[in-house]
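A short write-up of the structure that comes next.
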Amino acid sequence: MDVSFLGGPQPQRGVGVVAPFDFALDRELWRWVPDEVSLHLTRTPFVPVEVSLDLARLVSEHETLHDAVRALAAVAPEVVAYACTSGSFVGGVAGERAMCAAMTQAGEIPSLTTSGALLEALREIGARRIAVVTPYTRSVTDSLEEYLAEGGMTVTGRAYLGLTRHIWKVPYRDVVDMARQAVVGATDALFISCTNLPTYDVIPQLEAELRMPVLSANQVTMWAALRAIGAQAVGPYQALLDPVARSGPAGMSVSPLRGPLPMTDPVVESVIEAVESVELVVDEPEAALAGAASPGSDGDPVDGLDPGFGAGLGEGPYLDDSGGPAAG
């Protein structure tokens, strides 16, 4: 059959993505991308190092980025995004800016990073007090907090898993549990770190339950990259992307929980009704939101929690493939 009359395929706009060698969530990135945009992914060379500050430094070396961007330049993307949170915050704000400059120079293409996109997104939604969720060890999580502080943000609470590998296998329920424990006190937004941690489907649920914007590493990366070329990321009922979500429950303060929600969209209303039917929304809403861990018999916090920030998961709740706790 002659299909020449179709005249296609339609022209595609390109976004280049440099990801660490162990990145496993290509499909998740695509979910934020509109049909008229293509993603062109490349990975950094393999190094036999587990997730750590050392690995973050290795996968963000300028020479490594230079080679990756030069490879992407062959397919002429309009922007290049470095999709790695730890690799782009490990050098602080100055280090992140230097990475962008090095990538831009290598391919003569505008470039950005996940951590730079994070600060941009937080400013976009007017958030300065941030709860943080990470799959990292404590030292890597500390480095993220230092980066946010340098960018003018205050971390109000945090939870982390202490993982050094297989982060893409973490289920949504673990992300939700961490989020509930990280959000304590007066908080403007929640950030879920690591581009290798699945988050797309959990963002609307958490925004409805916590009543604040929820940002994730992959979300802010795609949001910033697409905005840089004049396109818009696709993410129904995600406050960063969707005006309906931003004016709905995510636009409300965390406290109080009681009282009617100022929204009219039936889909959003159904989400909230489902969330409010869960037993977590109880007569003590502040405890439900904070996800405070039960104290031990002596009244002290349960071992493994991060006492500097109240309730937090700390290291060790996640089991690796061998059935034991992941190293961390």
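Residue numbers run from 1 in the order of the sequence given.
Under the 4.5 Å side-chain contact rule for hydrophobic residues, Tyr82 and Ile229 share a cluster. Val234 and Leu41 are members of different hydrophobic clusters when ILVMFWY side chains are connected at heavy-atom separations under 4.5 Å. No chain of hydrophobic side-chain contacts below 4.5 Å, direct or via other Ile, Leu, Val, Met, Phe, Trp or Tyr residues, connects Val75 to Val18.
Taking the side chain as every heavy atom from C-beta outward, Glu207 and Leu190 never approach each other to under 4.5 Å. The side-chain heavy atoms of Thr137 and Ser52, taken from C-beta on, include no pair separated by under 4.5 Å. For the pair Leu206/Ile192, a side-chain contact is recorded, criterion being any heavy-atom separation below 4.5 Å from C-beta on. A 4.5 Å side-chain heavy-atom check between Arg138 and Arg158 finds at least one atom pair inside the cut-off. Side-chain contact between Phe23 and Leu29 is present, with at least one heavy-atom pair separated by less than 4.5 Å. Here the side chains of Gln232 and Leu241 are not in contact, with every heavy-atom distance at 4.5 Å or above. The closest side-chain heavy-atom distance from Val93 to Tyr147 is below 4.5 Å. Residues Ile125 and Arg246 have side chains in contact (heavy-atom distance under 4.5 Å, counting atoms from C-beta outward).
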What verdict does the side chain to side chain donor-acceptor pair (under 3.5 Å) test give for Tyr136 and Ser86, after you've listed the backbone C-alpha separation in whole Å, the side-chain angles of each residue and the deciding distance to 0.1 Å? CA-CA 9 Å; Tyr136 312 133; Ser86 60; 4.6 Å; no
Would Thr134 and Thr141 count as a side chain to side chain donor-acceptor pair (under 3.5 Å) if you check the C-alpha gap in whole Å, the side-chain angles of each, and the deciding distance to 0.1 Å? CA-CA 7 Å; Thr134 89; Thr141 304; 2.8 Å; yes
Worked verdict on Ser88 versus Thr114 for side chain to side chain donor-acceptor pair (under 3.5 Å): CA-CA 7 Å; Ser88 52; Thr114 297; 5.0 Å; no
Going through the checks in order, is the side chain to side chain contact (heavy atoms under 4.5 Å, CB included) test met by Val220 and Glu120? CA-CA 8 Å; Val220 299; Glu120 185 181 349; over 6 Å; no
Evaluate Asp26 against Arg43 for side chain to side chain contact (heavy atoms under 4.5 Å, CB included), listing each step before the verdict. CA-CA 11 Å; Asp26 304 54; Arg43 282 167 170 75; 2.6 Å; yes
Please report the C-alpha distance between Met153 and Leu119 in whole Å, then the side-chain angles of each, then the deciding distance to 0.1 Å, and finally whether the side chain to side chain contact (heavy atoms under 4.5 Å, CB included) criterion is met. CA-CA 9 Å; Met153 308 298 165; Leu119 293 182; 4.2 Å; yes
Are Asn218 and Tyr200 close enough, and set up right, to give a side chain to side chain contact (heavy atoms under 4.5 Å, CB included), and what steps lead you there? CA-CA 8 Å; Asn218 283 331; Tyr200 187 94; over 6 Å; no
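Of the possible donor and acceptor atoms, none in the side chain of Glu36 sits under 3.5 Å from a partner among the backbone N and O of Arg13. The backbone N or O of Thr85 sits less than 3.5 Å from a side-chain atom of Ser115, completing a donor-acceptor pair.
The aromatic rings of Phe21 and Phe46 sit perpendicular, their planes meeting at an angle over 60°, well past the 30° parallel limit.
For the ring-ring contact (aromatic ring centres under 6.0 Å, His included) condition, no pair includes a residue of residues 94-119, sequence neighbours left out. For residues 79-97, no residue pair satisfies the salt bridge (Lys or Arg N to Asp or Glu O under 4.0 Å) rule, not counting sequence neighbours.
Atom CD of Gln105 is surrounded by 12 or fewer heavy atoms from other residues, nucleotides or ligands within 6.0 Å.
In this structure, Asp22 does not pair ionically with Arg165, as no charged nitrogen and carboxylate oxygen lie closer than 4.0 Å. Using a 4.0 Å cut-off between a side-chain N of Lys or Arg and a carboxylate O of Asp or Glu, Asp174 and Lys169 do not qualify as a salt bridge.
The minimum heavy-atom distance linking Ala233 with Leu226 is given by the pair CA-CD1, 3.5 Å. When all heavy atoms of Pro198 and Val175 are compared, the closest pair comes out as O-CG2, 4.0 Å. Heavy atoms only, all atoms of each residue included: Ala225 and Val79 are closest at O-CG1, 3.6 Å. Contact detail for Ser111 and Ile109: the closest heavy-atom pair is OG-O, 3.0 Å. Between Ile203 and Ser216, the closest heavy-atom pair is CD1-OG, 3.8 Å. Heavy-atom minimum distance, Ile167 versus Cys194: CG2-SG, 3.9 Å.
With values rounded to the nearest 0.5 angstrom, Thr156 atom OG1 is found 13.5 Å from Arg128 atom CZ. To the nearest 0.5 Å, atoms OH (Tyr160) and CD (Glu145) are separated by 11.0 Å. Atom CG in Leu215 sits 7.5 Å away from atom CD1 in Ile130 (nearest 0.5 Å). Taken to the nearest 0.5 Å, the CE atom of Met103 stands 6.5 Å off from the CG atom of Leu112. One distance of note links CG of Asp54 with OG of Ser139; it measures 9.0 Å at 0.5 Å rounding. Here Arg211 contributes atom CZ and Thr187 contributes atom OG1; the two are 15.0 Å apart, rounded to the nearest 0.5 Å.
Residues Gln238 and Trp32 have side chains that bring a donor and an acceptor to within less than 3.5 angstrom of each other.
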Donor-acceptor pairs under 3.5 angstrom involving side-chain atoms of residues 59-71: please list them, not counting sequence neighbours.
| from | atom 1 | to | atom 2 | distance (Å) |
| --- | --- | --- | --- | --- |
| Ser60 | OG | Ala56 | O | 2.7 |
| Ser60 | OG | Arg57 | O | 3.3 |
| Ser60 | OG | Gly87 | O | 3.3 |

